[in-house]
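To start, the structure itself, in structure tokens.
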Number of protein chains: 2
Amino acid sequence: MGTGLDLPLDEVLLGDCIATLKRLPPASVHMIFADPPYNLQLKGELRRPDDSLVDGVDDAWDQFASFAAYDAFTREWMTECRRVLRKDGTMWVIGSYHNVFRLGAAMQDLGYWILNDVVWRKANPMPNFRGRRFTNAHETMIWAAHGPDSRYRFNYAAMKSLNDDLQMRSDWYFPLCTGGERLRGEDGAKLHPTQKPEALLHRVLLACTMPGEVVLDPFSGTGTTAAAAKRLGRRYIGIERDPLYKVASEKRLEGVEPMDEGAALSLPSKREQPRIAFGVLVERGLVPAGSTLVDRNRRWRATVGADATLRCGAAVGSIHKVGAALQAAPSCNGWTFWHIETRDGRLRLIDEFRQEIAAQGG
Amino acid sequence: MGTGLDLPLDEVLLGDCIATLKRLPPASVHMIFADPPYNLQLKGELRRPDDSLVDGVDDAWDQFASFAAYDAFTREWMTECRRVLRKDGTMWVIGSYHNVFRLGAAMQDLGYWILNDVVWRKANPMPNFRGRRFTNAHETMIWAAHGPDSRYRFNYAAMKSLNDDLQMRSDWYFPLCTGGERLRGEDGAKLHPTQKPEALLHRVLLACTMPGEVVLDPFSGTGTTAAAAKRLGRRYIGIERDPLYKVASEKRLEGVEPMDEGAALSLPSKREQPRIAFGVLVERGLVPAGSTLVDRNRRWRATVGADATLRCGAAVGSIHKVGAALQAAPSCNGWTFWHIETRDGRLRLIDEFRQEIAAQGG
DNA sequence: CGGCAATTTGAATCCGGAT
DNA sequence: GATCCGGATTCAAATTGCC
């Protein structure tokens, strides 16, 4: 690379987030998932109706003196992340109402281009014990590209198949991280106050990365991002400043088995599959030169040339161009517009021939 | 009051939002609901897959030169709103990912104390036509008190009874404003591009105000806030700068009948039934990616992908499509066709897992 | 008038590989 | 980096149209 900087892979790096980010080479990671401190500013202890104490987030790493201090910290790590992120990469950031508005505004100010905000609806949130607010039942994730014109990855077909063949929406429903997945100390107490469920990361990684690509988590904690990445056959880099968490996450990662390569690969979307030209159908005699194509309503008839051009009156060109011209439409997918007439008078879409060829491997 | 300023009640004031706010007396309204411009930044036209044109928001009032210009505008109207709001009052602000992070950060900077962010999940959102993002299926409302130590109103019991005697959560589910409720011009076209459903305002007002209290909407538009307020026996003040909207909302308000006191609490809450996708079982590890599914007679074996697709030879797709393809049937219910093999060799229908998740509420 | 089918529509930052 | 152009892309609900 000529930068003198190495990209460590499949490691959790011990150290301060910003200082460690500065040692990573530029434009080197495909995706970032960041779960930064929440700046909760809890003023006192909170008790349940039965007088038991709620174990709130009061760790030292979560204390900031002011919004200004939090903003300065936020902009510093986000700036380094943007440097480390590839131009075609994306970043996910998760937060609650305490900090997420600072995070989102900072991302926009730094040049990130927001693609979606995604809501994690919690199946089993902590109730509001005082009855003074709505049950805080969700957290917000912001998904952003490097910039407004970035060509980023989105595995549309994979998300759609995950959701019973319907487009994946921006509101996701998952239980909290509990049970065997939740890391605990020897005393049985939870090791980390905000460990995220691996299922959440599974969906994020499946949406935006391919097997073998590199995922960075600058606030690695108990290593949920790394665990999901390893399981899905992605490479990971974690940054964590607490040695306790680093050790615990490395032990956790030892027990994670990558799934089969075939299983980790998501269904390719149509535009990622090898392209088959209309000319192939002509050459192979499926749609012979000189034959006639018609639209669904038999309103237009066009003749196929030996060079795979269509002619219909004055209109000459590709199946798409002629289809668009005849309909006076801005564009037209000729594959799903033109049919050939079979001997028994039925219509067959030319796209069916293409699919047959694709099924035979081109 | 000694300010020389009057509080006009049950009126829609025609004029610029900020200038009109300045003429209202301080600490005089109990609640504010604000639906400011979203600063959408749409570039070109967008077409549906059927080539029809999407009617996007291209109004002049939604155009800002920069984030800085939008922030300056935001801080100005929010400052005036905070002056007009009573010390025990609250403000609601609604936005999407385009602007909501600017709004939330501005509120915190100006001294508002955020109580919740509430997500409006749309029952029927517009899909993502190009398949490049998640369906943008929600908007975010921020609910805030005047300051950190404010004594604000929250009608906890009303919200609980509205939600089948469970605490009201921060994620709300409502359809878009359509049908008879949507105001239309003589040509049948929607009068306002972003009219909110009255049900949304109904719940907001019921949560934070008492009958007879005063509700202010600085971006009144078609008067949804005023209509919901009148129906619930609250007083309202609207501010709207477009005479067309002012006239239309006043006509709308003439047709609104205040409901009996107490009737409001008995309105039924619309609960959705959870629909569980096969992908949920994969993400949660109940049917791990890489595992094998078999049919009842062990005639076919298929492998589960990380994106919940099934693979069996050349057949790839959802549990339903692959089941149908293997049997050469027109359709197949994959839930009652596929099983997983337990360690002791017995078969378990995948539908059993779905029922377990459904029993836990999704 | 009823029932079923077809059409319309909604706060939208909506393409990408090859040359 | 800019340009060309092939061709991929939609869900729920309300409304209208047809028989």
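All chains are named by letter (A, B, ...) in the order of the sequence lines, taking the proteins before the strands, and each is independently numbered beginning at 1. Only a predicted model underlies this, so the values are computations on that prediction, with no experimental measurement involved.
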Tell me whether A:Arg82 forms a cation-pi arrangement with A:Tyr112, defined as NZ or CZ under 6.0 Å from the six-membered ring centre and within 45 degrees of its axis. yes
Which part of the nucleic acid, if any, lies within contact of B:Pro125, taking any heavy atom under 4.0 Å across all strands shown: a base, the sugar-phosphate backbone alone, or nothing? base
Given the structure, check if the side chain of B:Arg48 and the base of C:dG10 hold any donor-acceptor pair shorter than 3.5 Å. yes
State whether B:Asn128 places a side-chain N or O below 4.0 Å from either non-bridging phosphate oxygen (OP1 or OP2) of C:dC14. no
Taking the cut-offs as 6.0 angstrom to the six-membered ring centre and 45 degrees off its axis, would you call B:Arg203 and B:Trp172 a cation-pi pair? yes
Does the ring of A:Phe353 carry A:Arg348 above it, NZ/CZ under 6.0 angstrom from centre and within 45° of its axis? yes
With no angle test and no hydrogens, is the base of D:dA13 tied to the side chain of B:Lys122 by a donor-acceptor pair under 3.5 Å? no
At under 4.0 Å between heavy atoms, what does B:Gly180 touch on the DNA or RNA strands: base, sugar-phosphate, or nothing? sugar-phosphate
The residue, A:Arg151 or B:Pro193, whose nearest nucleotide of DNA chain C is more 5′ is B:Pro193
Are A:Lys160 and B:Asp307 ion-paired here, with the side-chain N under 4.0 Å from a carboxylate O? no
Do we see B:Phe129 stacking on the base of C:dC14, given a limit of 5.5 Å between centres and 30° between planes? no
Between C1' of D:dT9 and NE2 of A:His320, the distance in whole Å: 15 Å
Let me know, please, whether A:Gln167 or A:Arg275 comes out on the 5' side of the other along DNA chain D by nearest nucleotide. A:Arg275
Answer with base, sugar-phosphate or nothing: what part of the nucleic acid does A:Lys160 contact at a heavy-atom distance below 4.0 Å? sugar-phosphate
Looking at C:dA11, does its base get a donor-acceptor pair with the side chain of B:Asp35 below 3.5 Å? yes
Any donor-acceptor pair under 3.5 Å between the side chain of B:Arg47 and the base of D:dT9? no
Dot-bracket line, read 5' to 3' along DNA chain D, where crossing pairs take [ ] and | marks a partner on another strand, Watson-Crick or G-U under 3.5 Å: .|||||....|||||||||
Identify, between A:Tyr152 and A:Asn116, the residue whose nearest nucleotide on DNA chain C lies closer to the 5' end. A:Asn116
Which part of the nucleic acid does B:Arg130 contact within heavy-atom distance under 4.0 Å: base, sugar-phosphate only, or nothing? base
Test the B:Arg102-B:Phe67 pair against the cation-pi criterion, namely NZ or CZ under 6.0 angstrom from the six-membered ring centroid and within 45° of the ring axis. yes
Using a heavy-atom cut-off of under 4.0 Å over every strand shown, decide if A:Arg354 touches base, sugar-phosphate, or nothing. sugar-phosphate
Under 4.0 Å, counting only non-hydrogen atoms across every strand here, what does B:Lys43 touch: a base, just sugar-phosphate, or nothing? nothing
Can you see if the side chain of B:Lys190 gets near the phosphate of C:dT9 - specifically, an N or O under 4.0 Å from OP1 or OP2? no
Once you measure the plane-to-plane angle for A:Trp143 and A:Tyr152, does it fall in the parallel (<30°), tilted (30-60°) or perpendicular (>60°) bin? perpendicular
Counting any heavy atom closer than 4.0 Å, what does A:Arg169 reach on the DNA or RNA strands: base, sugar-phosphate only, or nothing? nothing
Would you please test B:Arg48 and B:Val54 for side chain to side chain contact (heavy atoms under 4.5 Å, CB included) and show each step? CA-CA 7 Å; B:Arg48 299 187 177 82; B:Val54 173; 4.0 Å; yes
